[in-house]
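Each remark here refers to the structure printed beneath this line.
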Amino acid sequence: MFGRDAVRRVIRMKCWLCITTEENWRVIREKNVWGVPDRHKNAIAKVKPGDKLIIYVKQERVKDKVVEPRIVAVYEVVSEPFKDSTRIFSSKGLKSSGETFPWRVKIKPIKIFDKPVEFKPLIPKLKFITNKKKWSGHLMGKAMREIPEEDYDLIANEGV
């Protein structure tokens, strides 16, 4: 009766790029929960059940090797935002090392990529990144950001 796009418009599903570390990616995968620090509670407050989350693991240095930024999974939000200060996420490397990422949503996996999708090759095609040369500025200082559906579709179908 309704096509997928028509249903999306009626429901107003939003798509989010969620920025995390390798260590916290393991927590997300194991516990099926996404969390953000207190300073990002306004962002997660906009998240609703049915929204889609793309998990972006940022670039990290492991010993002498640089691990490039990558997309590791796509999830669907299955709860309203809630507060839980139980320490499950790592705050290693953050200024506020006692951060518990208390603002959370429960999530369910849609797709966990067998092989992570490299992020940098996607940059020229992504609409939300308007400055292709200084692309990291679109993510810096954020825990999550809304992205257009076209970008969600591009990323979600990349690892197929």
Side-chain angles (χ1 to χ4, degrees), residues 12-63 65-77 79-107 110 112-113 116-156 158-159:
R12 295 245 188 268
M13 172 197 81
K14 292 184 179 178
C15 306
W16 302 88
L17 186 72
C18 299
I19 301 142
T20 193
T21 62
E22 182 66 39
E23 191 172 354
N24 284 335
W25 158 232
R26 288 192 286 275
V27 175
I28 294 163
R29 189 172 184 169
E30 179 187 319
K31 308 250 184 218
N32 286 322
V33 68
W34 167 249
V36 300
D38 269 320
R39 68 184 179 280
H40 296 294
K41 73 178 181 182
N42 290 342
I44 201 168
K46 298 174 188 169
V47 174
K48 303 282 179 240
D51 284 3
K52 303 296 188 271
L53 306 183
I54 291 177
I55 308 300
Y56 167 97
V57 177
K58 59 188 179 180
Q59 179 174 301
E60 294 175 302
R61 180 172 295 281
V62 180
K63 296 182 182 162
K65 186 180 175 217
V66 172
V67 181
E68 294 293 334
R70 61 217 176 274
I71 304 293
V72 292
V74 180
Y75 282 83
E76 181 177 333
V77 176
S79 77
E80 293 288 339
F82 61 94
K83 188 169 186 180
D84 179 350
S85 296
T86 306
R87 187 172 302 283
I88 59 173
F89 293 104
S90 169
S91 58
K92 186 173 74 181
L94 294 177
K95 289 177 194 159
S96 53
S97 59
E99 182 64 69
T100 61
F101 300 77
W103 298 99
R104 302 177 183 175
V105 289
K106 292 181 182 178
I107 56 178
I110 293 174
I112 296 176
F113 295 109
V117 176
E118 288 181 49
F119 188 74
K120 287 180 181 175
L122 297 174
I123 292 167
K125 304 175 202 166
L126 294 171
K127 291 191 182 344
F128 85 93
I129 297 180
T130 54
N131 186 337
K132 307 297 185 186
K133 286 193 170 81
K134 296 186 178 178
W135 63 270
S136 63
H138 294 276
L139 305 177
M140 204 173 294
K142 294 177 173 41
M144 59 192 303
R145 68 159 299 158
E146 190 175 350
I147 63 171
E149 261 184 71
E150 306 93 283
D151 287 353
Y152 167 83
D153 290 338
L154 174 79
I155 295 168
E158 190 66 26

- request: Apply side-chain contact (heavy atoms from CB on, under 4.5 Å) to V117 and I155, showing your working.
  value: CA-CA 8 Å; V117 176; I155 295 168; 5.7 Å; no
message: For a 4.5 angstrom cut-off between non-hydrogen side-chain atoms, does F89 reach I28?
response: yes
- line: Residues F101 and P37: closest non-hydrogen pair is CD2-CD, 3.6 Å
query: So do P69 and K58 actually touch side chain to side chain, heavy atoms under 4.5 Å?
result: no
statement: E76 meets the side chain to side chain contact (heavy atoms under 4.5 Å, CB included) criterion, sequence neighbours left out, with K52, K108, I110
field: Whether over 12 other heavy atoms sit under 6.0 Å from E118 CD
entry: no
query: If every non-hydrogen atom of G141 is compared with every non-hydrogen atom of H40, which pair is closest and at what distance?
result: O-CE1, 3.1 Å
- line: Which of I55, V105, V33 passes side-chain contact (heavy atoms from CB on, under 4.5 Å) with Y75? Answer is I55
statement: Rounding to 0.5 Å, atoms CH2 (W16) and OH (Y152) come to a distance of 14.5 Å
Salt bridge present between K46 and E146 (N-O < 4.0 angstrom): no
message: When you compare the side chain of N32 with that of K106, does any pair of heavy atoms fall below 4.5 Å?
response: no
- line: Interatomic distance, OG1@T100 vs CG@D38, rounded to 0.5 Å, equals 7.0 Å
field: For T86, side chain to side chain donor-acceptor pair (under 3.5 Å) partners two or more places apart
entry: D84
field: Close side-chain approach of R145 and L139, heavy atoms under 4.5 Å
entry: yes
task: Kindly say whether K48 contributes a backbone atom to a donor-acceptor pair with the side chain of D51 at under 3.5 angstrom?
output: yes
field: From L126, I71, L53, residue fulfilling side-chain contact (heavy atoms from CB on, under 4.5 Å) relative to L17
entry: I71
Atom of A45, atom of P81 and distance for their closest heavy-atom approach: CA-CG, 4.2 Å
query: I19 versus Y56: any side-chain heavy-atom pair under 4.5 Å?
result: yes
- prompt: Which pairs with one or both residues in residues 125-140 pass side-chain hydrogen bond (donor to acceptor under 3.5 Å, both in side chains), sequence neighbours excluded?
  reply: none
- prompt: Are the side chain of E60 and the backbone of E22 linked by a donor-acceptor contact shorter than 3.5 Å?
  reply: yes
task: State the CD-CE distance between E149 and M13, to the nearest 0.5 angstrom.
output: 4.5 Å
task: Output the distance between atom SG (C18) and atom NZ (K142), rounded to the nearest 0.5 Å.
output: 13.5 Å
message: Using the rule given for side-chain contact (heavy atoms from CB on, under 4.5 Å), can you reason through F113 versus R70, listing the C-alpha separation, both sets of side-chain angles and the distance that settles it, and then say yes or no?
response: CA-CA 10 Å; F113 295 109; R70 61 217 176 274; over 6 Å; no
task: Could you check whether the rings of F128 and F119 sit parallel, tilted or perpendicular, using 30° and 60° as the cut-offs?
output: tilted
query: Looking at I107 and V77, what are the two nearest heavy atoms and their distance?
result: CG2-CA, 4.1 Å
message: Please determine whether the number of non-hydrogen atoms from other residues, nucleotides or ligands lying under 6.0 Å from atom NZ of K41 exceeds 12.
response: no
message: Using side-chain contact (heavy atoms from CB on, under 4.5 Å), reason through V47 and K14 one step at a time and then give a plain yes or no.
response: CA-CA 8 Å; V47 174; K14 292 184 179 178; over 6 Å; no
